[in-house]
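For this chain, numbers begin at 1 and follow the sequence in order. Because the structure is predicted, anything quoted here is derived from the model rather than measured.
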Amino acid sequence: SVGIGTNAPSAKLHVRESNPGSFTYDSTADTLIVEGNGNAGITIATAAANTSRIIFASPNDPTGAEIKYSDATDLMTIGTTTPNDHLALQAGNGVEAVRVKSDGNVGIGTTAPLGKLHVYGGQVRILDVTSAPSYGARLVVGRDTGQDIEFHVDDLNCKIVADQDGDEDGNHSFILNREFSGSGANDFRIQKGGGSQLLINTDGNVGINNLSPEHRLHVAGDAIISGY
């Protein structure tokens with residue numbers, strides 16, 4: 001063992017700028033120890049056109065994972081380099097908080113995310129300090145072959161709630177809006193088990209158990225309309 005600044009090295013290489021106090025180092029990470037009673041650190045410097053790197057290797061993989069920074073591309077990278085490896089972030093008492101799978105899926109609260117972002121066992125909040133942010137909508141579902149937003153429940157009620165803020169005396173609307181510039185059908189439907197129970201077509205006609213309403217309200221089946 002070699003000590004720099006100490007005559008009692010606790011590692012193969014022990015560099016002490018000043019004594020930080022007395023404690024026992026983790027025996028699984030004591031090959032190199034850098035100590036300081038104030039701020040302490042290790043600097044890796046390269047020319048601006050090159051990349052600084054720390055490599056994590058084993059006999060099975062000489063470049064299994066890495067931390068690197070490129071000044072030329074303004075990019076800090078942390079991750080694995082093996083095709084089937086994953087990345088995890090821990091919090092608290094070493095408990096995994098985020099998992100990034102090799103396919104790019106991200107899991108929060110799950111180690112097996114089934115989509116690009118999979119959150120399990122908690123609440124997701126998208127909030128802003130302004131009522132009219134410059135970026136528009138807080139949540140955007142993009143164009144793809146499947147553009148669904150699904151709610152999975154276990155024998156419980158499923159709700160979409162518009163929770164009004166402190167200005168309860170103002171005028172407020174809960175809006176489901178369709179934007180469409182084409183000439184084809186653009187229906188709004190409420191379904192059960194894949195079958196439409198209520199439909200509002202492009203012209204604004206409403207059909208109940210009717211997919212082709214010809215009037216403002218077109219009901220297929222019996223209806224009761226009562227007034228007072």
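Of the possible polar contacts, none joining the Thr82 side chain to the Asn84 backbone as a donor-acceptor pair under 3.5 Å is found. Listed for the Thr202 side chain is a donor-acceptor partner under 3.5 Å among the backbone atoms of Asn186. Counting only distance, with no hydrogens or angles, the side chain of Thr6 and the backbone of Ala8 share a donor-acceptor pair below 3.5 Å.
The two atoms that bring Pro83 and Ser102 nearest to each other are O-CB, 3.1 Å, heavy atoms only. In terms of heavy-atom proximity, Ala97 sits nearest to Ala91 at CB-CB, 4.1 Å. Nearest heavy-atom pair across Ala57 and Pro62 is CB-O, 3.0 Å.
By the 4.5 Å heavy-atom criterion applied to side chains, Val206 and Pro213 are not counted as neighbours. Between Leu199 and Phe188 the shortest side-chain heavy-atom distance does not fall below 4.5 Å. In this structure the side chain of Lys68 never reaches within 4.5 angstrom of the side chain of Leu75, judged on heavy atoms. Looking at heavy atoms from C-beta onward, Asn37 lies out of side-chain contact with Asn19 at the 4.5 angstrom threshold.
For Asp26, the CG atom is densely surrounded, since the number of other residues' heavy atoms within 6.0 Å is greater than 12.
Sorted by first and then second residue, the salt bridge (Lys or Arg N to Asp or Glu O under 4.0 Å) pairs involving residues 182-196 (not counting sequence neighbours) are Asp187-Arg189. Counting only residues at least two apart or in different chains, salt bridge (Lys or Arg N to Asp or Glu O under 4.0 Å) contacts with residues 82-99 comprise Glu96-Arg99.
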Just list the side-chain donor-acceptor pairs under 3.5 Å for residues 106-123, sequence neighbours left out, or say none.
from: Thr110; atom 1: OG1; to: Ala112; atom 2: N; distance (Å): 3.1
from: His118; atom 1: ND1; to: Leu114; atom 2: N; distance (Å): 2.9
from: Gln123; atom 1: OE1; to: Arg125; atom 2: NE; distance (Å): 2.7

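Hydrophobic side-chain contacts under 4.5 Å tie Leu32 into a cluster, directly or through other members, with Val2, Ile4, Leu13, Val15, Val34, Ile42.
Not counting sequence neighbours, Lys12 has no partner by the salt bridge (charged side-chain N to carboxylate O under 4.0 Å, His left out) test. With sequence neighbours excluded, no residue forms a salt bridge (charged side-chain N to carboxylate O under 4.0 Å, His left out) with Glu17.
The CG atom of Asp61 sits 13.0 Å away from the CZ atom of Phe56 when rounded to the nearest 0.5 Å. Considering CG of Asp71 and OG1 of Thr46, their distance stands at 7.5 Å, rounded to 0.5 Å. In this structure, Glu214 CD and Asp203 CG are separated by 11.5 Å, a value rounded to the nearest 0.5 Å. Atom-to-atom distance recorded for Tyr69:OH and Ile54:CD1 is 14.5 Å, nearest 0.5 angstrom. Atom CG of Asn201 sits about 11.5 Å away from atom NE2 of His218, to the nearest 0.5 Å. Atom NZ of Lys101 is separated from atom CG of Asp103 by 7.0 Å, given to the nearest 0.5 angstrom.
Under the 4.5 Å side-chain heavy-atom criterion for Ile, Leu, Val, Met, Phe, Trp and Tyr, Ile67 and Ile44 are members of the same hydrophobic cluster. Put simply, Met76 and Leu87 are part of two different groups of oily side chains (I, L, V, M, F, W, Y) that touch within less than 4.5 Å, one to the next. Linking ILVMFWY residues whenever their side-chain heavy atoms come closer than 4.5 Å, directly or via other members, places Phe23 and Ile33 in the same cluster. Hydrophobic cluster membership differs between Val95 and Leu89, with clusters built from Ile, Leu, Val, Met, Phe, Trp and Tyr side chains linked at under 4.5 angstrom.
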Run the side chain to side chain contact (heavy atoms under 4.5 Å, CB included) check on Asn209 and Leu198 step by step: do they pass? CA-CA 6 Å; Asn209 292 328; Leu198 184 145; over 6 Å; no

Pair Glu35-His14, side chain to side chain contact (heavy atoms under 4.5 Å, CB included): steps then yes or no: CA-CA 8 Å; Glu35 288 184 329; His14 189 160; 3.0 Å; yes

